[in-house]
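Chain A is the first sequence line, chain B the second, and so forth, proteins listed ahead of strands; every chain is numbered from 1.
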Amino acid sequence: DTGVSQDPRHKITKRGQNVTFRCDPISEHNRLYWYRQTLGQGPEFLTYFQNEAQLEKSRLLSDRFSAERPKGSFSTLEIQRTEQGDSAMYLCASSLAGFPGGNTIYFGEGSWLTVV
Amino acid sequence: AQKITQTQPGMFVQEKEAVTLDCTYDTSDQSYGLFWYKQPSSGEMIFLIYQGSYDEQNATEGRYSLNFQKARKSANLVISASQLGDSAMYFCAMRPNTGGFKTIFGAGTRLFVKA
């Protein structure tokens with residue numbers, strides 16, 4: 001499978017615990033994005049990497065959230081001290097750089113987080 | 001501010017018929033891309049079709065076509081010959097070609113295809 005892969009697909013955690021999600025983008029894609037989606041809504045942008053550099057962060061990304069892409073390949077999204085409001089699906093996506101290829105982003109299947 | 005509006009929370013269509021899903025957008029950018037994604041119950045966002053703001057022809061991809069009316073800022077998705085497997089959420093999205101890489105999404109339309 002050469003698409004975007006995410007792990008784990010589902011995570012149930014107690015409030016206050018830390019969780020980490022991993023994303024492996026399409027191999028030749030140097031841009032990587034994280035989105036959050038709650039029920040009944042479209043995805044909301046969280047952050048974006050070009051190679052290993054984190055170039056843009058949404059105000060939605062509070063201090064409890066941190067994302068890394070240490071070698072410009074896979075990325076991790078960590079949520080510390082989880083709250084019930086963090087329950088959502090976390091989507092990772094990737095794209096090529098440049099125009100027009102960089103316009104289209106391809107998503108993984110998402111990681112569902114439930115905070116109890 | 002940039003915004004995507006999808007005014008149809010849910011739509012029904014009979015199998016084998018065509019259906020149009022509405023999308024309007026608001027942006028001050030002159031150059032941007034418009035997209036449609038399909039999200040089945042499994043959760044994956046599947047890319048369907050792309051239209052560039054300077055493209056003169058409406059984009060088509062198999063049974064999907066994008067009815068792009070730039071002056072009206074609309075980018076409606078037309079699905080021809082609906083199939084049961086088309087039942088899903090559909091999201092319209094936009095990304096400016098300058099000043100950042102954030103793709104913004106509408107709230108989505110749930111399509112139900114009836115046998």
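Environment of NZ in Lys11(A): sparse, with no more than 12 heavy atoms of neighbouring residues, nucleotides or ligands closer than 6.0 Å. Taking a 6.0 Å sphere around CD of Glu28(A), one finds it holds more than 12 heavy atoms contributed by other residues, nucleotides or ligands. Heavy-atom neighbours of Leu84(B) CG from other residues, nucleotides or ligands within 6.0 Å: above the threshold of 12. Sparse packing is recorded around CD of Glu68(A), with 12 or fewer heavy atoms of other residues, nucleotides or ligands lying under 6.0 Å away. Around atom CD1 of Ile46(B), more than 12 heavy atoms belonging to other residues, nucleotides or ligands sit under 6.0 Å away.
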Inset, instruction - Show your working on side chain to side chain contact (heavy atoms under 4.5 Å, CB included) between Tyr35(A) and Thr103(B) and close with a plain yes or no. - result: CA-CA 10 Å; Tyr35(A) 281 78; Thr103(B) 300; 3.3 Å; yes

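Rounded to the nearest 0.5 Å, atoms CD1 (Ile105(A)) and CZ (Phe35(B)) are 7.0 Å apart. Here the CD-CZ distance, from Gln41(A) to Phe91(B), works out to 8.5 Å after rounding to the nearest 0.5 Å. Separation of atoms CG (Leu91(A)) and OH (Tyr37(B)) is listed at 11.0 Å; rounding is to 0.5 Å. Taking CD from Gln37(A) and CE from Met89(B), the interatomic distance works out to 7.5 Å, rounded to the nearest 0.5 Å.
Residues satisfying the side chain to side chain donor-acceptor pair (under 3.5 Å) criterion with Arg15(A), sequence neighbours excluded, are absent altogether.
For Phe45(A) and Phe105(B), the ring centers sit 6.0 Å or farther from each other.
Contacts between Gln39(B) and chain A at a heavy-atom distance below 4.5 Å involve the side chain alone, from C-beta outward. For Gln6(A), no part lies near chain B; criterion is any non-hydrogen pair under 4.5 Å.
Residue pairs meeting the ring-ring contact (aromatic ring centres under 6.0 Å, His included) criterion with at least one partner in residues 1-31 of chain B, sequence neighbours excluded, are Phe12(B)-Phe112(B), Tyr25(B)-Tyr32(B).
Of the possible polar contacts, none joining the Tyr106(A) side chain to the Met45(B) backbone as a donor-acceptor pair under 3.5 Å is found.
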